[in-house]
Number of protein chains: 2
Amino acid sequence: MRIGELSRATGVAVPTIKYYVREGLLPAGRLTSPNQARYDDGHVRRLRLIRGLMDVGGLSVSAVREVLAAVDSPREPVHKVLGAAQLAITPPPAVTPDGMEAARGKVAEIIRRRGWRVGDDNPAVEALAVALATFEGIGHGDFEEVVDDYAAACERVAEADLAWVGRNAEVDGLVESVVVGTVLGDAVLTAMRRLAHVDASARRYEQGTGGPAGASGTA
Amino acid sequence: MRIGELSRATGVAVPTIKYYVREGLLPAGRLTSPNQARYDDGHVRRLRLIRGLMDVGGLSVSAVREVLAAVDSPREPVHKVLGAAQLAITPPPAVTPDGMEAARGKVAEIIRRRGWRVGDDNPAVEALAVALATFEGIGHGDFEEVVDDYAAACERVAEADLAWVGRNAEVDGLVESVVVGTVLGDAVLTAMRRLAHVDASARRYEQGTGGPAGASGTA
DNA sequence: CGCTATCTGATAGCAGGACTATCTAAGATG
DNA sequence: CATCTTAGATAGTCCTGCTATCAGATAGCG
């Protein structure tokens, strides 16, 4: 197909497609003459993946580039791909609040308590510490009361994720599954958390009142 | 305190503080003369909250403004605050991929299956549908195999969150707790999911090999 | 009282990110 | 052959989140 058709098939404007090619997100078309090129289904899929990572996963162009580098790398063990994907999508903490030492200690304690086999050089460790330190700095240090519930929930989710990826283990798109599952899975998880909040809130604060007004205030 | 002290206490540059005041995120100082103003601990807390929402929660200035509007509104039932916070932090889906009808159906089915009491006008419903449609469009429609595990995990998380908020029910900062727990809780949850991934991956793919090399590739 | 540091409020400028517009020369296609 | 589309290149646009500069005024100290 030509670039115009690719554009129509994906809903991405032609100049934007050219931009992605320039930025190294999308391979160039196969030139049939000095100023004509052909694109195929691989380009369609790739373009959808790019937009998914950006629009749903919230990744920047440069993060997408790194993630796709992992996708394109020769097949590596899931373990390594996971690490590469995590590195690419975990922006180095833009800011380090006060109380990071204490927060790092808390994180180490959680990891120890759960028996998680993770190195402390994992970017998510630092990200978690930043988040906990921020809670603390805002005066909500008691949030750590719930981290064990979070941890248990995450263990369950991770099991499901790995099983899902494992089902694709023999398939070509294994690496892509890891990346997509990691990035888009976040979006699914946070959206569902919102829904579960609303449900739990309805049960807790509306139960028995028969109306929409709650129990903890009079508005 | 004066603005310079406020700046030093929070690590936020003076012009940035002024910018936040202009943007309506931070109340102005109390003027002691036409060109002198005083700030207090409330400003320190507020500023930390703003930076937490932006740096950790990834909110934009305008999203922070909306969230803070909810925080500042007269005390309303948790239910309503939750809705307001969710509205503010759930950006209207920038893009709607193909297959949204099917995805909306899936979401409705999930909600029905879980017995969740949520209206279908909830922005998270649409966000979830967009995420699922994106999975489908990329060729990973089988992701729905895991959504029930996600749902169960989220129910657990939501219970813990509500209990935590409930413990602050009599405290002044209830609304803030809801907002902070929603926004920063996402960061905690996704960071922990990463850690749980690494752990699960280690158990699944490294078990018995005694080394860092994995089982599913030779790289 | 004078001096320097600091402040308020206002306006303008800037850097980065993600496109978007325009242009030239050249195929494509009916 | 006339019209449409394309490749490749360069420049421009829009939005965000600050940052710089300035004028006039105040704080606080010796």
Side-chain angles (χ1 to χ4, degrees), chain A residues 1-40 43 47 49-68 88-89 91-95, chain B residues 1-40 43 46-68 88-89 91-95:
Chain A
M1 58 176 67
R2 302 164 63 173
I3 199 171
E5 299 168 76
L6 178 59
S7 171
R8 258 162 272 136
T10 59
V12 179
V14 170
T16 304
I17 294 174
K18 290 184 177 182
Y19 168 67
Y20 290 160
V21 172
R22 279 202 304 281
E23 292 296 316
L25 307 188
L26 189 68
R30 186 175 44 82
L31 280 178
T32 60
S33 62
N35 62 343
Q36 292 289 306
R38 289 295 134 118
Y39 303 84
D40 57 23
H43 289 92
L47 214 32
L49 175 57
I50 291 168
R51 297 310 295 237
L53 293 174
M54 293 182 77
D55 296 335
V56 179
L59 300 199
S60 66
V61 165
S62 62
V64 170
R65 182 166 38 232
E66 291 180 60
V67 165
L68 292 180
I89 66 182
V95 83
Chain B
M1 59 175 68
R2 303 165 62 173
I3 201 171
E5 299 169 77
L6 178 59
S7 171
R8 258 162 272 137
T10 58
V12 180
V14 169
T16 303
I17 294 173
K18 291 184 178 183
Y19 168 67
Y20 290 159
V21 172
R22 279 202 305 280
E23 292 296 316
L25 308 188
L26 189 69
R30 185 176 43 83
L31 280 179
T32 59
S33 62
N35 62 344
Q36 292 287 307
R38 288 297 134 119
Y39 303 84
D40 56 23
H43 289 92
R46 189 53 167 275
L47 215 32
R48 291 217 179 100
L49 175 57
I50 291 168
R51 298 310 296 239
L53 293 175
M54 293 183 75
D55 297 335
V56 179
L59 299 200
S60 66
V61 165
S62 62
V64 170
R65 182 166 38 232
E66 291 180 60
V67 165
L68 292 179
I89 66 183
V95 83

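A note on names: the letters A, B, ... follow the listed sequences, proteins ahead of strands, and every chain is numbered from 1.
Closest of all the heavy-atom pairs between B/Gly4 and B/Val14 is CA-CG2, 4.3 Å.
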Inset, instruction - Take B/Met54 and A/Val95 through the side chain to side chain contact (heavy atoms under 4.5 Å, CB included) test and state the conclusion after the steps. - result: CA-CA 10 Å; B/Met54 293 183 75; A/Val95 83; over 6 Å; no

Inset, instruction - Test side chain to side chain contact (heavy atoms under 4.5 Å, CB included) on B/Ser33 and B/Asn35 and set out the steps. - result: CA-CA 5 Å; B/Ser33 62; B/Asn35 62 344; 3.8 Å; yes

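The nearest whole Å value for the distance from the CD1 atom in B/Ile17 to the P atom in D/dA20 is 15 Å. If you measure from atom CD of B/Gln36 to atom P of D/dA27, you get 5 Å, rounded to the nearest angstrom. One can place NZ of B/Lys18 at 8 Å from P of C/dG9, the figure rounded to the nearest angstrom. For B/Met1 and C/dT6, the CE to C1' distance is 16 Å, given to the nearest whole Å. Rounded to an integer number of Å, the gap from CD of B/Glu23 to P of D/dC18 is 10 Å. One can place CD of B/Glu5 at 17 Å from P of C/dA5, the figure rounded to the nearest angstrom. Spacing between atom CG of B/Leu53 and atom P of D/dT16 amounts to 18 Å, rounded to whole angstrom units. Note: CG (B/Leu26) to C1' (C/dG9) measures 15 Å, nearest angstrom.
Proximity of a side-chain donor or acceptor of B/Arg46 to a complementary backbone N or O of B/Pro27 within less than 3.5 Å is not detected.
Both A/Pro15 and A/Arg38 lie near DNA chain C, and the one whose nearest nucleotide falls closer to the 5' end is A/Pro15.
Distances shown here put a side-chain N or O of A/Tyr20 below 4.0 Å from the OP1 or OP2 atom of C/dC19. Remark: B/Tyr19 is not in phosphate contact with D/dT16, judged by side-chain N or O atoms under 4.0 Å from OP1 or OP2.
Listed nucleotides D/dT6, D/dA7, D/dC18 differ in distance to A/Arg2; the shortest reach to its side chain belongs to D/dT6.
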Taking only nitrogen or oxygen atoms into account, show me every contact under 3.5 Å that the protein makes with nucleotides 10-12 of chain D, one pair per line with its distance.
none

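Atom CZ of B/Arg2 and atom OG1 of B/Thr32 lie 8.5 Å apart (nearest 0.5 Å). Atom-to-atom distance recorded for A/Arg22:CZ and A/Thr16:OG1 is 9.5 Å, nearest 0.5 angstrom. To the nearest 0.5 Å, atom CZ of residue B/Arg30 and atom CG of residue B/Asp40 are 8.0 Å apart. The distance from the OG atom of A/Ser7 to the NZ atom of A/Lys18 is 11.0 Å, given to the nearest 0.5 Å. Rounded to the nearest 0.5 Å, atoms CG (B/Leu47) and CG (B/Leu6) are 5.5 Å apart. The distance from the OG1 atom of B/Thr10 to the CG atom of B/Leu49 is 12.5 Å, given to the nearest 0.5 Å.
Contacts between residues 28-35 of chain B and DNA chain D, defined by a heavy-atom separation under 4.0 Å, are made by B/Ser33, B/Pro34, B/Asn35. The stretch residues 54-67 of chain B does not touch DNA chain C, since none of its heavy atoms comes less than 4.0 Å from the strand.
B/His43 places none of its side-chain heavy atoms less than 4.5 Å from the side chain of B/Tyr20.
Among the candidates A/Ile89, A/Leu59, A/Leu25, the single residue satisfying the side-chain contact (heavy atoms from CB on, under 4.5 Å) test with A/Leu53 is A/Leu59.
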